[in-house]
Amino acid sequence: MRVIAGKAKGKKLLAPEGLHTRPVTDQIKQAIFNSWQFKVPGSNFLDLFSGSGSMGVEAISRGAKKTTMVDNDRNAVNIIRTNLQNCHFEKSSYNLLQADVFKVIEQMENKKEQFDIIYLDPPYTVDEIFNPVMEAIGNTHILKEDGILAIRTKKEKDMADTYGNLEKVRMKKYGISMVHYYENRVETES
């Protein structure tokens, strides 16, 4: 696993051991970031269930203004910290939190924080977390009006077309994974 593009291009990334973390493959990461190529530079990027931090690290490397990475697992957070240090990123370019994703979403809503891009990669082993986390985000304003959210699931996992103010705009299959893309629904007045 490595950084694909940007100022840390080619840097190797560590991944936590065990079955709880499934690092995103370089192929999937490349495809997702290609679809975001004009959105990432200067963006506020949120990486939930960060695991190795691979997506957040890629965002920083590609010029995101501020990247927030959240994982509840202490080992994962230590690996992310090591990956960030190995890439020699400025500490002002990221925020790393060891915390419960649901609590962080609530805190961000209360602080009125907003993100241009949100990426979620919940553990496949906890199937019952996918819909609740999407509902939690869909009932907030942490995704900017013109922002994009992507969630990676097993390819056979059904995800709703809408969650609160989030509306599915497309999905793409990569091997055993599916990436579902959502945008804010803009309510029009009649």
- Message: Taking Arg152's backbone N and O only, do any of them form a donor-acceptor pair with Ser177's side chain (distance below 3.5 Å, no angle check)?
- Response: no
- Donor-acceptor under 3.5 Å (Asp116 side chain, Ser43 main chain): no
- Item | Worked check of side-chain contact (heavy atoms from CB on, under 4.5 Å) between Thr68 and Val104 | CA-CA 11 Å; Thr68 301; Val104 169; 5.7 Å; no
- For the side chain of Asn44 and the backbone of Lys65, is there at least one donor-acceptor N/O pair under 3.5 Å apart? no
- Task: Using the salt bridge (charged side-chain N to carboxylate O under 4.0 Å, His left out) rule, take Asp127 and Lys154 through it: C-alpha gap first, then chi angles, then the decisive distance, then the call.
- Result: CA-CA 9 Å; Asp127 189 60; Lys154 288 182 188 173; over 6 Å; no
- Query: How long is the span from the CD1 atom in Ile32 to the OH atom in Tyr181, to the nearest 0.5 Å?
  - Reply: 4.5 Å
- In terms of hydrophobic clustering (I, L, V, M, F, W, Y; side-chain heavy atoms under 4.5 Å; direct or indirect links), are Ile129 and Ile118 co-clustered? yes
- Query: If only atom types and distance count, is the side chain of Tyr124 paired as donor or acceptor with the main-chain N or O of Thr153 below 3.5 Å?
  - Reply: yes
- Message: Determine whether a donor-acceptor pair (N or O, by modelled atom type, separation under 3.5 Å) exists between the side chain of Glu58 and the backbone of Ala5.
- Response: yes
- Query: Does Asn184 reach the main-chain N or O of Leu143 with its side chain, forming a donor-acceptor pair under 3.5 Å?
  - Reply: yes
- Distance, nearest 0.5 Å, that separates CD of Gln107 from CG of Leu97: 8.0 Å
- Same apolar cluster: Val24 and Ile60, side chain cutoff 4.5 Å: no
- Trp36 and Ile148: CA distance, side-chain angles, deciding distance, side-chain contact (heavy atoms from CB on, under 4.5 Å) verdict: CA-CA 9 Å; Trp36 292 339; Ile148 187 88; 3.5 Å; yes
- Task: Please answer whether the main-chain N or O of Tyr174 pairs with a side-chain N or O of Lys155 as donor and acceptor at a distance below 3.5 Å.
- Result: no
- Message: For the CZ atom of Phe115 and the CG atom of Leu149, what is their distance to the nearest 0.5 Å?
- Response: 11.5 Å
- Here the gap from Lys111 atom NZ to Ile142 atom CD1, rounded to the nearest 0.5 Å, amounts to 12.0 Å
- Does any N or O in the side chain of Lys172 come within less than 3.5 Å of the main-chain N or O of Ala31, such that one atom is a donor and the other an acceptor? no
- Message: For the CZ atom of Phe102 and the CD atom of Glu135, what is their distance to the nearest 0.5 Å?
- Response: 9.0 Å
- Measure the CG-CG distance between Asp47 and Asp121 for me, rounded to the nearest 0.5 Å. 8.0 Å
- Task: Look at the side-chain heavy atoms of Ile, Leu, Val, Met, Phe, Trp and Tyr, link any pair under 4.5 Å apart, and say whether Phe130 and Met178 land in one connected group.
- Result: no
- Query: Under 3.5 Å, side chain of Arg185 to main-chain N/O of Tyr163, donor-acceptor pair present?
  - Reply: no
- Linking I/L/V/M/F/W/Y whenever their side-chain heavy atoms sit closer than 4.5 Å, directly or via other members, would Val3 and Phe45 fall into one cluster? no
Distance-only donor-acceptor pairs under 3.5 Å for side chains of residues 78-87, two or more places apart:
unit_1, atom_1, unit_2, atom_2, d
Asn78, OD1, Arg81, NH1, 3.1
Asn78, ND2, Arg74, O, 3.4
Thr82, OG1, Asn78, O, 3.0
Asn83, OD1, Leu14, N, 2.8
Asn83, ND2, Leu14, O, 3.0
Asn83, ND2, Ser52, O, 2.9
Asn86, ND2, Thr82, O, 3.4

- N/O donor-acceptor pair under 3.5 Å between Gln114 side chain and His141 backbone: yes
